[in-house]
Protein chains: 2
Amino acid sequence: MAQTEGAEKSGTRAEMREETERAILDAAEGIFAEAGFGGATMQAIADSCGLPKANLHYYFSSKEKLYRRVVERIFTVWLEAADSFDTDATPEVALRRYIERKMQLSRDYRYGSKVWANEVLHGAPIIQDYLETTLRSWTETRVAVIRRWIAQGAIRPVEPRWLLYMIWATTQHYADFAHQIETLNHGPLEADQWDDATETVCSIILRGIGIDPGAPA
Amino acid sequence: MAQTEGAEKSGTRAEMREETERAILDAAEGIFAEAGFGGATMQAIADSCGLPKANLHYYFSSKEKLYRRVVERIFTVWLEAADSFDTDATPEVALRRYIERKMQLSRDYRYGSKVWANEVLHGAPIIQDYLETTLRSWTETRVAVIRRWIAQGAIRPVEPRWLLYMIWATTQHYADFAHQIETLNHGPLEADQWDDATETVCSIILRGIGIDPGAPA
DNA sequence: GTCTATAGATTGATAGAC
DNA sequence: GTCTATCAATCTATAGAC
C-alpha cells in the first residue's frame, strides 16, 4: 500500500501507470496543439493535468519523448481511419466512407489533427520515418486502386495523388482551421452543419471525378 | 556620411532602412514558418539574415511586434489574391481564376502560407481582429455572389461556405503540407505537376458544383 | 511513486562603446 | 545605425526528501 491513490479509481499498479500516462498524453496533446512544440512548456502540460512538473519527467524522460509519444498516438488513430478506405468497394462507397470517417475524425480529434499539421508544417522533424514508410506505402496502395478505377472507366482520369491530397486537405481543414471557421460562423458548427459540410464535401468530390452520388449512407 | 554602408546598394537613409527591414522580415517569415512563434528565436532570425541580434530589436522593438509585422505582410498578399475572385464574372471564370491564383500563391509564398496556418492553428492570438473584420466581410460578399449563382441555376445548390473552405484548404495544402507532399513525391513538384494539380483541383471543384469546365485559360 | 527545490542552459531584451 | 557584452526571466531536467 505504498502507492498514492490520487483521484483515479484504484487498480493494479500497471493500470494506474497507464491511466496516469494517458492523462499526461491527453493534456500534452492539447497544449502541443495550441502552442506548438516550441511554444508548449512542461509546466503548462503539468498544470493542465494537475500534476507536478517533475512527474511528467518521471513518466516520459524528456519533452521530446513525450511529444513523440503524442504524435505516435495520433498516427495510430489516423491509420485506423485510413482502413475505412476499402480497396474492394466501389469508388463511390470507398471514397464516401473514407471522407465521412475523416470528417468525423476532424470533429472528434481536433487537437490530434492540429499536432499532426504542426509537425508536417515544421518539416516533420519527429515523424519523417513514418512519412517515408507507413504513409508512403498506404498511399501507394490507394493510388493503385484509384488507377484501377480509372482503367475500368469507373471514374474520370485524374492523378490519384491530387485527389487524395484534396480529401486530406478538405477534411483536416475542419480541425486545423477550426478557429477560423468558428470565427466566420459566429460560433462552433452545429450537428446539422457538420452533416451538411460532410455531405457537400462528398458530393463535390464524387461529382468532380464523374460519379453521380446517390443518397448518403 | 555617418551611416554604415553594408553590402546593400546605397540610397537615401529611408531606403536603406526599408531594405534592412525587408531583409529581417524575409528571414523572420522563414524561421517563424519552420519553427512557429514559440520555437523561433531572435538569434535564429538574426543568423538567417546575417545581422547581430541587437539590430533586430533596433528595427522591431520586440519579437511579438516583428511577428505581427510578418503576419500583416502575409495578410496583404492574401488580400490581393482574394481580389482575383471577380464577383462580376461567370462562376467558371471567377472560381477558376481564384483557384489558379491561390495555387500560384502556395507555390511562390510557401512560408507565408505556413505562418498563417500556424497562427490560425494556435487560435489566431495575433490576427483575431483581421478574421473578424476583413476576412469576415470578404467572405460575406463572396457567399452572397455564390448564392446568386445558385439562385440563377448556374451552379448546383451547395452551402457557399463549405465550397470556399474546400478551395482554401485544397490550395493551401500544397504550401502548408509541402513537406509531406514532397516526401511522397520523392522530391519537389515539377512545373508540369503543379500545372496538372492546379487543373485537377479546378476541374474537380467545377464539375463538383455542376459546371462542365472547358479548357484552362 | 510523488513532490519541492534547484541546477544548468537558453532566451528576449538592453546598456553602452564605437 | 551597428555591434559586443550582459542582465533578468524562463525553461528543461534532475536531485533528494518523503
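Protein chains get the first letters and strands the later ones, always in sequence-line order, with residue 1 at the start of each. Since the model is a prediction, treat every value here as computed from it, not as a measurement.
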5' to 3', nucleotides 12-18 of chain C under a 4.0 Å protein heavy-atom cut-off (B base, S sugar-phosphate only, - none) gives BBB----
Side chains of A:Arg68 and A:Glu72, heavy atoms from C-beta outward: is any pair under 4.5 Å?
yes
With a 4.5 Å heavy-atom cut-off, do B:Thr170 and B:Lys102 have their side chains touching?
no
Answer yes or no: is there a donor N or O on one side and an acceptor on the other, between the side chain of B:Thr200 and the main chain of A:Trp162, under 3.5 Å?
no
Check whether any side-chain N or O of A:Arg136 sits under 3.5 Å from a backbone N or O of B:Thr183 as a donor-acceptor pair, and report yes or no.
yes
Enumerate the residue pairs fulfilling side chain to side chain donor-acceptor pair (under 3.5 Å) with a member in residues 52-63 of chain B, sequence neighbours excluded, ordered by first and then second residue.
B:Ser61-B:Lys65
Expressed in angstrom and rounded to an integer, what is the separation of [X] atom [atom1] from [N] atom [atom2]?
{"X": "B:Ile31", "N": "C:dT11", "atom1": "CD1", "atom2": "C1'", "value": "15 Å"}
{"X": "A:Tyr58", "N": "C:dT4", "atom1": "OH", "atom2": "C1'", "value": "17 Å"}
{"X": "B:Arg13", "N": "D:dT2", "atom1": "CZ", "atom2": "P", "value": "11 Å"}
{"X": "A:Tyr59", "N": "D:dT14", "atom1": "OH", "atom2": "P", "value": "17 Å"}
{"X": "B:Leu56", "N": "D:dT2", "atom1": "CG", "atom2": "P", "value": "11 Å"}
{"X": "A:Glu19", "N": "C:dG1", "atom1": "CD", "atom2": "C1'", "value": "15 Å"}
{"X": "A:Leu51", "N": "C:dT2", "atom1": "CG", "atom2": "P", "value": "8 Å"}

For D:dC3, does either OP1 or OP2 sit under 4.0 Å from a side-chain N or O belonging to B:Asn55?
yes
Regarding A:Phe60, tell me which of base, sugar-phosphate or nothing describes its non-hydrogen contacts under 4.0 Å with the strands shown.
nothing
Pair B:Phe177, A:Trp168 - check ring pair (Phe, Tyr, Trp, His ring centres under 6.0 Å), show working.
CA-CA 10 Å; B:Phe177 286 72; A:Trp168 294 347; 8.7 Å; no
